[in-house]
Amino acid sequence: GYDYYVLPNVLLSRILESVGGHDRSVILGSPRYNEEWIEIASELSPTYDAPDGTSDCNVLFFIPKRTVPVHWEEVYQSIKIVGNIPGVKVVVKGHPRSSYRQIEGLSATSEATMSVENEQHSISLLKWADAVIDFGSSIAFEAIVRDLPVIIPEYLHPNRSTIAERMETTQADSR
């Protein structure tokens, strides 16, 4: 075992408690919500340059692991709708802990849509983005700290997103 478990929040501490390690946990918070860390990480991250140039509006769409229960056909349809808006460039970022390519063939949904997996860092993509669409991953919190507009498409999954719960203006209930 370990001497200590360093955790980002109380929720994970409670999970650790259920397996008997709570007395050795230290909650330090998540760097994802810390402006100072976000600035440092931004300086260290490479710049993302879309291969086909710039657009009027860069939209970054984060999708979850393939095992997460979502309406995948509707996810692809939503990406296609956004990607077909004139002047909009969409980059779809797969979940970093996926074991296989989640979004293969996605670029066929629109000429303005490109998919990336782990070859591009999320921080680099956030620096590039003008807006973020996400449902359920913690990277959306970083987008909020960066003062980027965030859209949470609640209609794509059966859960309730923390951001949509706390910031109702981010919630989208339909296309």
Side-chain angles (χ1 to χ4, degrees), residues 5-9 11-12 26-68 70 72 75-76 78-83 85 87-154 156-157 159 161-164 166-167 170 172:
Y5 299 94
V6 177
L7 305 169
N9 58 50
L11 297 174
L12 287 177
V26 178
I27 301 168
L28 295 181
S30 174
R32 184 151 283 154
Y33 316 128
N34 180 302
E35 289 179 12
E36 181 182 3
W37 169 248
I38 288 173
E39 187 175 319
I40 291 168
S42 290
E43 291 172 9
L44 297 174
S45 294
T47 300
Y48 173 70
D49 295 314
D52 56 354
T54 61
S55 63
D56 296 334
C57 181
N58 298 320
V59 176
L60 178 55
F61 202 120
F62 287 104
I63 61 172
K65 294 189 286 188
R66 196 70 165 146
T67 57
V68 172
V70 300
W72 284 103
V75 169
Y76 294 126
S78 298
I79 293 167
K80 183 177 181 179
I81 289 168
V82 175
I85 298 171
V88 171
K89 170 82 176 150
V90 176
V91 168
V92 180
K93 170 78 163 126
H95 195 279
R97 289 190 305 267
S98 270
S99 59
Y100 64 97
R101 292 195 64 85
Q102 301 166 265
I103 46 184
E104 225 163 88
L106 179 65
S107 57
T109 61
S110 163
E111 288 183 21
T113 301
M114 177 181 168
S115 63
V116 297
E117 295 284 341
N118 289 327
E119 65 266 16
Q120 296 297 330
H121 296 283
S122 295
I123 294 172
S124 298
L125 294 169
L126 284 170
K127 291 189 314 187
W128 167 86
D130 296 311
V132 172
I133 300 174
D134 178 84
F135 50 101
S137 70
S138 61
I139 193 71
F141 290 101
E142 185 170 330
I144 290 169
V145 173
R146 290 175 176 273
D147 213 17
L148 289 170
V150 174
I151 299 169
I152 309 295
E154 290 289 272
L156 296 177
H157 62 96
N159 301 319
S161 301
T162 303
I163 293 173
R166 304 279 188 227
M167 301 173 70
T170 65

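- A pairwise comparison of heavy atoms in Leu148 and Ala129 identifies CD2-O, 3.3 Å as the closest pair.
- Heavy-atom minimum distance, Ser161 versus Glu154: OG-OE2, 2.7 Å.
- The backbone N or O of Val92 lies less than 3.5 Å from no partner atom in the side chain of Ser115, so there is not a single donor-acceptor pair.
- In this structure, the side chain of Glu35 does not engage the main chain of Val145 through any donor-acceptor pair within 3.5 Å.
- His157 and Phe135 have parallel rings, their planes meeting at less than 30° on a 0 to 90° scale where 60° marks the start of perpendicular.
- The closest donor-acceptor contact from the side chain of Asp130 to the backbone of Asn58 lies under 3.5 Å.
- The list of side chain to side chain donor-acceptor pair (under 3.5 Å) pairs with a residue in residues 139-150, not counting sequence neighbours, reads Arg32-Glu142, Ser42-Arg146, Glu142-Arg146.
- By the side chain to side chain contact (heavy atoms under 4.5 Å, CB included) test, Ser78 pairs with Glu74, Tyr155, Leu156, sequence neighbours left out.
- Residues satisfying the side chain to side chain contact (heavy atoms under 4.5 Å, CB included) test with Ile85, not counting sequence neighbours, are Val88.
- Heavy atoms of other residues, nucleotides or ligands lying less than 6.0 angstrom from CH2 of Trp37 number 12 at most.
- Here the closest non-hydrogen pair linking Trp72 and Lys65 is CZ2-O, 3.5 Å.
- Taking CD1 of Ile151 as the reference point, atom CG of Asp134 lies at 11.0 Å (rounded to 0.5 Å).
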